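Following: one structure in C-alpha cells, then a few remarks.
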Amino acid sequence: MASHRQFKPRPRKPPTEELRARKEFHGAIRLVTYTAEEGTFQVVTFQLEDESEFKAVGNFYGAPAGEPIRIKGEWREHPTHGWTFHVESAAPQPPTSTDAMLAYLGSGLIPGIGPKTAKAIVDRFGEKSLQVIDETPELLREIRGLGRKVHAIIERWEEHKATRETMLFLKQQGFSNAISARLIRHYGDNAVLILKTNPYRVGLEVRNIGFMKADEIAARMGIARDSPERVQAAFVHVLDHASTEGHTYLPREELLARVKKLLEVDPQLIERTLATAVANKYLRHAAVGGQADCFFMPSLYATETGCARFVRGLMQSARQLAPPAEVEARLKEFESHFRFTLAPQQQDALRMVATGGIAVITGGPGTGKTTLVRALIHVLKNEKRHIALCSPTGRAAQRLSETTHEEAGTIHRLLKWNPQKGGFSHDQEKPLECDVLIVDEASMLDIPLAFSLLRAVKPGTAVIFVGDVDQLPSVGPGTFLRDLIVSGCVRTTRLQTIFRQANASLIIRNSHRINEGHGFLPADDGNKKADFFFIERKEPEEIREALLAMLTERIPRRLGCDPIDDVQVLTPMRRGALGTHELNVLIQERLNPKGFALGTEVRFRRGDKVIQNVNNYELNVYNGDVGKVLGVDQEARQLRVKFGREVVRYPFENLDELESAYAITIHKSQGSEYPAVVVIMHTSHYIMLKRNLLYTAITRGKKLVVVIGNRQAIFQAVQSSGEAERMTALATWLMRPVEKNELFD
C-alpha cells in the first residue's frame, strides 16, 4: 500500500544495547525487502517514531508500509546479517505522532479518506485528528473543500470503529487484509464470535479460507481434533478439493480414504460421522452406474441432476425450425454464395439441427465446425428465427463473433448477473428470448455453468453445443460435453474430414497427429509460410533464453506483431523454473521493465498483461478474462484494468483475483486463440504431460506455434492418451429411466 509518509533513507546502525533489551516496539514498516510466496514471512526495515530503524523478520499479517503497528518478539544475532528482530506477533495500532497520523489516515484503511484528504485533516488538527473525527467530527467542515464529504467520512469512521477490534483479531490469526475484509463483509462484527465458536463454518462459507486455515484456528482455540464439526468439515473439504480435480462425486471408499489421510483420527469415528454429515445435508448420497455408495456436494448433485432434467426437457419439447425443402434450398444458396461445398457430414448435421431439440457438433481443428455454424445461421435467419450465440470465455465469444459476423457474448453476459438477486437474471422464471441457442467451445462448460445456462432456456428452443471433445475438459467440475456424447441420448455429429486449405497448415496437421498418438512433422525455419516450429532445448535455463529470444526478436520480426498483446506463452504448470510464476517475472522484466510500479500493496506495473482467476459477478469479469493494467487510484484504493473495451476498477482487497498473464497455464488458455503461441514442454512437467494438454496448447495458435522443450517431454505427452478419468454422473442421469422426484427431491 502506498503511504503519504515520507521515509528518509539512511545507513543502518547496529541496534544499541538499550534497543536490544526491548521485546516490544511501536512503529511502522518502512520497506519490505522480501516476501515469501505465501505471504506468511517477510524481511522488512522497521522504523520507530524517532525514525531510528532496524531489520525485522517474521509474519506481519499483511500490514502495509506506513501503517502503525506493534510488534513483539526477540533479538537474534546472525553471523552474516547481524542483529535482527524476529517477530512473534504483530498488531495494528492507533497512531500517536503527526507523521504516523498522516500515514494512518492516508493509507486508505478508512474508506473515503485518501492521501489528499488525510493531509488536509492533519494540517488542520495535527495529533488531535483522530480525536476530532471520533468526538467532534462536525469540526471537519472547517476544512475548505471538505464540506460535502464530511457526512460520508463520519459514517465510514463509525463503521471503521466498529470493525477495528475485528480486524485486530483477524490479523492476529494470520489473515491478510483482503481476506479480513472478505470475512467482515460476510459476517459483519459477528466474524470473531463465529471464528471462536466454529471456525470450520468459516472454512465452508468464505472463499479462500478453506479447511486447512480453519483447522489451524480451531487448534489455537482448543477445539478437539476429533470433534464432529471437524470431521464433517473434512468431508466437505475433500469433496470440494475433488471438484477442483474435475470430479462431481467420490465413491464411499475413496472419500473415506482421503478423509482418513487428512485427519489421522479414529477411522471408526470418521465412518460414523459420514452418516451424520449426510443427515445434516453437508453431503448428498446416491448410486451412480454400478456403484451404490457415491457422495456429492449438495450443490453439484443439484446442478448435475438439473442438467439431466433440462436436457431431457429440451429433447421432449423439440420442434422443427424449418421445413426440409427450405433447408435444402437455403443450403444450396449458402454454397453458391460462398462458392464452397459442405462435406456430407456437415450437410447431415445441418439437416439434423433443423429438426430442433438439442444437438452436439464436435470435431478437431480444420474440420469445418465454424463453417457449419455459419451455414446454420444462414438457413435459420431466413426462417426469421431469433438466434443467440455465446461461449464460456470473452476471447472465445469475440472469435465466434468475428468468424460468423454475428453478435456473440459470454454465457455470463448472456444470462446477466443480478447483484440484488444474487444470481443470473435469466432463469426458469425469466428465460432467454431466442429460438436457437448456439454454444461454442462447449468442451469448456463445467456442470455449474451448464446448469445455469440450461435452466434459462425455454422449452422448444433448439440448443446446439459446438466444441472439440478431444481438448482438455473444463477447468471446473464435470465433463458436460463428453457426457452428452457418451450418454447416447443426444444427437451428435463428429466432423472428421480435414479440408484442403486447413490441411496446408502444420498447426492443423500436427494437432491431428498428436491426437492420433504421433509426433510432430518438421518445419523448415527458412520457409516463410511455415506456421509451426519445434525448438529443442534440454535445460530449463536454455529454454528460458530461447523463450526470451522468441518474444523479443524472432516472432515480432516474423509476424510484425506486439509481443505482449499478440503472443501468448503457455506452460503446463504454475510452479518451478518453467512455471507461470517464474516465467511471468522473467518476461515482465524483459517486456515491461519501465512500467511504473503501483505501490507496495499493488504488485503490478502499468502496461502489465493480467488474467482474472475467479468469476466476479459484481465487477462483471470472469475466470480467464485477460486485460491490461492502466494505472492506480490511490485515493479510491483501486486498480484500473482494461478488458477489451471495458475498464474495470478493482478494489485493493480484490487484487488476489488477478495474476500476471505474460505466461499462463494451458488449462487457462482453453477457448482462446492467439496470433502466436509459444508452448513450453519439459520433463519437469511430467505430472501434467498428457496428449490432450499438448493438443489443446497447439490448437490455440492462429498464425504461429512454437514449441520449446525436450523431445522426451513431447514423447511422454503424446504417449499419455489422457488425464485420469473424471468421476461424473451426468451420463448416468441421462441414460437412467428415472422419476422426476428421484432426481430432484
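Bear in mind the structure is a predicted one, so any value in this text is a computation, not a measurement. All residue numbers in this chain count up from 1 along the given sequence.
Listed for the Arg413 side chain is a donor-acceptor partner under 3.5 Å among the backbone atoms of Asn620. Under a 3.5 Å cut-off, the side chain of Ser474 and the backbone N or O of Thr479 do not form any donor-acceptor pair. Using a distance-only test at 3.5 Å, with no hydrogens or angles considered, no donor-acceptor pair links the side chain of Ser669 to the main chain of Ser672. Gln670 places no side-chain N or O within donor-acceptor distance of the main-chain N or O of Thr696, the cut-off being under 3.5 Å. The closest donor-acceptor contact from the side chain of Gln291 to the backbone of Asp293 lies at 3.5 Å or more, if one exists at all. In terms of modelled atom types and a separation under 3.5 Å, the side chain of Asn584 and the main chain of Ala663 share a donor-acceptor contact. In this structure a side-chain-to-backbone donor-acceptor pair under 3.5 Å is missing from Ser443 to Gln471. In this structure, Asp266 contributes its side chain and Gln268 its backbone to a donor-acceptor pair below 3.5 Å. A donor-acceptor pair is defined here as one N or O able to donate and one able to accept, closer than 3.5 Å; no such pair exists between the side chain of Thr492 and the backbone of Gly488. No donor-acceptor pair under 3.5 Å is formed between the side chain of Thr393 and the backbone N or O of Ser391.
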I would like to know whether Arg395 and Glu441 meet salt bridge (charged side-chain N to carboxylate O under 4.0 Å, His left out); could you show each step before the answer? CA-CA 11 Å; Arg395 281 181 172 266; Glu441 295 290 351; over 6 Å; no
Derivation of the side chain to side chain contact (heavy atoms under 4.5 Å, CB included) call for Glu229 and Ile223: CA-CA 9 Å; Glu229 292 81 8; Ile223 296 175; 5.6 Å; no
Any chance you could lay out the side chain to side chain contact (heavy atoms under 4.5 Å, CB included) test for His685 and Thr571, step after step, and finish with the verdict? CA-CA 9 Å; His685 302 139; Thr571 186; 3.5 Å; yes
Show the numbers, then the answer: is there a side chain to side chain contact (heavy atoms under 4.5 Å, CB included) between Leu414 and Leu437? CA-CA 11 Å; Leu414 177 71; Leu437 177 63; 3.9 Å; yes
Side chain to side chain contact (heavy atoms under 4.5 Å, CB included), that's the test. Do Val439 and Ile411 meet it? Break it down for me. CA-CA 8 Å; Val439 186; Ile411 294 172; 4.2 Å; yes
Audit row: Phe465, Phe480, ring-ring contact (aromatic ring centres under 6.0 Å, His included) steps and yes/no: CA-CA 10 Å; Phe465 293 103; Phe480 176 75; 5.1 Å; yes
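With sequence neighbours excluded, the residues forming a ring-ring contact (aromatic ring centres under 6.0 Å, His included) with Tyr622 are His412, Tyr617, listed by chain and number. Every residue two or more places apart in sequence or in another chain was checked for a ring-ring contact (aromatic ring centres under 6.0 Å, His included) with His86, and none qualifies. Scored by the ring-ring contact (aromatic ring centres under 6.0 Å, His included) test, His426 finds no partners at all (sequence neighbours excluded).
Taking CG of Asn615 as the reference point, atom CG of Asn623 lies at 5.5 Å (rounded to 0.5 Å). Interatomic distance, Arg482 CZ to Leu445 CG, rounded to the nearest 0.5 Å: 14.5 Å. In this structure, CD on Glu725 lies 9.5 Å from CE on Met727, to the nearest 0.5 angstrom. Atom CZ in Phe310 sits 12.0 Å away from atom OG in Ser317 (nearest 0.5 Å). Taken to the nearest 0.5 Å, the OG atom of Ser227 stands 8.0 Å off from the CG atom of Asn198. One finds the CG atom of Leu730 at 6.0 Å from the CG atom of Leu484 (value rounded to the nearest 0.5 Å).
Using a 4.5 Å heavy-atom threshold, the side chains of Gln612 and Val648 count as separate. Between Thr303 and Thr248, the closest side-chain pair of non-hydrogen atoms is not below 4.5 Å. Looking only at side-chain heavy atoms (C-beta outward), Leu570 and Lys668 stay at 4.5 Å or farther from each other. In this structure, the side chains of Asn692 and Pro473 come closer than 4.5 Å at one or more pairs of heavy atoms. Side-chain contact between Tyr249 and Leu300 is absent, with no heavy atoms from C-beta onward closer than 4.5 Å. When side chains are defined from C-beta on, Thr244 counts as touching His241, because their heavy atoms get closer than 4.5 Å. Two residues are said to be in side-chain contact when any heavy atoms from C-beta on lie closer than 4.5 Å; Ile358 and Arg491 fail this criterion.
The aromatic rings of Tyr301 and Phe296 lie perpendicular to each other, with more than 60° between the two planes, well past the 30° mark.
Between Glu253 and Lys260 there is no salt bridge, since none of the side-chain N atoms of the basic residue sits less than 4.0 Å from a carboxylate O of the acidic one. A salt bridge is absent between Arg726 and Glu304; no separation between the charged side-chain nitrogens and carboxylate oxygens falls under 4.0 Å.
Within a 6.0 Å radius of NZ in Lys458, more than 12 heavy atoms belonging to other residues, nucleotides or ligands are found.
Side-chain polar atoms of Asn616 and Tyr650 form no donor-acceptor pair below 3.5 angstrom.
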